[in-house]
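For reference, the structure discussed in these notes is given below.
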Amino acid sequence: MAFTTAPHPETWLKVTPAGLFCEPGGFFIDPLRAVDRAVISHGHSDHARPGHSAVLATPETLAIMTARLGEGRAGATQQALRYGEVLAINGVKLWLRPAGHVLGSAQIALEWQGSRVVVSGDYKRRADPSCAAFEVERCDVFITEATFALPVFRHPDAMGEIARLLRSAALFPERTHVIGCYALGKCQRLIRMLRAAGYDQPIHLHGAQQGLCAVYEALGVALGPLLPATVARKDALKGAIVLAPPSAIADRWARRLAEPVVANASGWMGVRQRARQGGVELPLVISDHADWDELLATCAETGAGEVWVTHGREDALIHALGLQGIRGRALNLIGRGEEDEEASA
């Protein structure tokens with residue numbers, strides 16, 4: 001778009017020390033510090049921080065924020081906006097589209113005086129039975145993440161990785177398979193994929209995983225039989241699948257398991273050196289972010305003439321977009337991606 005009549009988004013969307021600010025609307029998007037008015041894309045803590053006066057997000061994100069941050073800390077006032085509902089804020093039209101990252105995750109679409117911007121938040125394009133699938137929204141400027149924006153990152157089929165896990169569990173029936181996975185999103189996605197693959201046995205959870213699984217179930221995401229792993233006897237965990245935070249599989253907690261097969265589910269497990277450094281015997285390349293090809297395809301599908309990159313491997317993506325005739329720009333938002341990038345990817 002040439003922006004011959006509509007104002008260019010850089011005139012009304014500003015990068016500030018508190019984060020990305022919509023000037024005419026008077027609100028921040030995923031602000032980095034407490035602000036008066038915040039629109040939140042999803043519940044991971046590098047995007048959903050405490051202390052805002054007013055928070056707007058999907059109902060699911062508000063529930064997740066309240067569970068993680070506590071009553072009153074996830075916005076003194078909260079406003080739920082469902083996917084596709086349009087809200088006018090000081091002349092700025094705002095609506096949310098599914099981002100496919102975790103339950104409730106949203107792209108934030110803004111339109112002001114004929115100029116349209118979509119802020120992706122974190123997103124993935126693969127099927128995920130625990131959340132709504134990504135939907136493309138056409139726009140003039142697309143603001144994208146770039147977590148896996150290098151050509152080396154081309155993620156395999158996630159159900160194929162689940163099949164590898166189940167083959168290993170069948171091969172070593174006396175051993176406990178303990179899988180490092182982030183508590184919000186990755187844990188519930190793994191459970192749903194295991195169920196889809198026919199695994200109907202109880203799945204054991206580290207205590208850190210239990211609270212958010214209860215939130216997902218309360219929001220209508222059925223997870224099947226779950227049991228606490230922290231109080232189970234060692235012999236009761238023989239042949240079991242245990243989900244735990246990545247930090248837990250490396251500490252003394254995992255040693256109490258029955259000859260554990262240590263696995264980790266992350267897009268970073270495609271880098272063998274990372275798996276070796278973490279002592280991971282069974283790396284599972286299951287990512288909740290778009291890979292290289294999906295990032296490029298998504299940017300093209302939006303029809304955006306410009307793409308702004310918020311965090312990750314900006315240089316490679318901007319260069320590749322330029323070869324497609326799309327202008328790229330790094331936003332350099334400080335503090336984005338702080339939440340254990342390797343664990344939640």
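- One distance of note links CD of Gln188 with CG of Leu243; it measures 9.0 Å at 0.5 Å rounding.
- Checked by atom type, the side-chain pair Thr66/Gln78 shows a donor-acceptor distance below 3.5 Å.
- Donor-acceptor pairing under 3.5 Å is lacking for the side chains of Gln277 and Arg274.
- Checked by atom type and distance alone, the side chain of Arg195 pairs as donor or acceptor with a backbone atom of Tyr199 at under 3.5 Å.
- Using a 4.0 Å cut-off between charged side-chain N and carboxylate O, Arg126 and Asp291 make a salt bridge.
- Under the 4.5 Å side-chain contact rule for hydrophobic residues, Val39 and Leu87 share a cluster.
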When you look at Asp30 and Leu20, which way does the side-chain contact (heavy atoms from CB on, under 4.5 Å) test go after all the steps? CA-CA 7 Å; Asp30 290 350; Leu20 189 62; over 6 Å; no

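- A donor-acceptor pair is defined here as one N or O able to donate and one able to accept, closer than 3.5 Å; no such pair exists between the side chain of Thr302 and the backbone of Glu137.
- Counting only heavy atoms from C-beta outward, the side chains of Ile143 and Ser120 never approach each other to under 4.5 Å.
- For the 3.5 Å distance criterion, the side chains of Ser266 and Asn264 fail to qualify, holding no donor opposite an acceptor.
- Classified by interplanar angle (parallel below 30°, tilted 30° to 60°, perpendicular above 60°), the ring pair Phe21/Phe28 is tilted.
- One finds the CD atom of Glu135 at 8.5 Å from the OH atom of Tyr83 (value rounded to the nearest 0.5 Å).
- Separation of atoms NE2 (His42) and OG1 (Thr61) is listed at 8.0 Å; rounding is to 0.5 Å.
- Aromatic ring pairs are classed by plane angle as parallel below 30°, tilted from 30° to 60° and perpendicular above 60°; the pair His8 and Trp308 is parallel.
- With Glu161 as reference, Ile286 is the one residue of Ile286, Leu282, Leu190 to meet the side chain to side chain contact (heavy atoms under 4.5 Å, CB included) rule.
- In plain terms, the two heavy atoms of Trp268 and Thr147 that are nearest each other are CH2-O, 3.9 Å.
- Placement of Ile29 and Trp95 in two distinct hydrophobic clusters is found when ILVMFWY residues are connected by side-chain heavy-atom separations under 4.5 Å, directly or transitively.
- Linking Ile, Leu, Val, Met, Phe, Trp and Tyr whenever their side-chain heavy atoms come within less than 4.5 Å leaves Ile108 and Val136 in two separate clusters.
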Start with the C-alpha distance between Arg329 and Val307, add both sets of side-chain angles, then the distance that settles side-chain contact (heavy atoms from CB on, under 4.5 Å), and finish with yes or no. CA-CA 6 Å; Arg329 168 189 169 191; Val307 172; over 6 Å; no

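- Using modelled atom types, no side-chain atom of Tyr216 and backbone atom of Ser130 make a donor-acceptor pair closer than 3.5 Å.
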Start with the C-alpha distance between Ser168 and His177, add both sets of side-chain angles, then the distance that settles side-chain hydrogen bond (donor to acceptor under 3.5 Å, both in side chains), and finish with yes or no. CA-CA 8 Å; Ser168 180; His177 282 66; 2.7 Å; yes

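- Remark: side-chain polar atoms of Lys186 are paired, donor with acceptor, to backbone N or O of Ala265 under 3.5 angstrom.
- One side chain, Thr298 or Arg125, offers a donor N or O that lies under 3.5 Å from an acceptor on the other.
- Ion pairing of Arg189 with Asp288 is present here, as a side-chain N (NZ or NE/NH1/NH2) and a carboxylate O approach within less than 4.0 Å.
- In this structure, CG on Leu110 lies 5.0 Å from CG on Leu94, to the nearest 0.5 angstrom.
- Residues Leu223 and Ile191 come closest through the heavy atom pair O-CG2, 3.2 Å.
- When atom types are taken as modelled, the side chain of Ser287 and the backbone of Ala345 share a donor-acceptor pair closer than 3.5 angstrom.
- Checked against the 6.0 Å centroid threshold, Phe134 and His101 do not count as a close aromatic pair.
- Checked by atom type, the side-chain pair His47/Asp122 shows a donor-acceptor distance below 3.5 Å.
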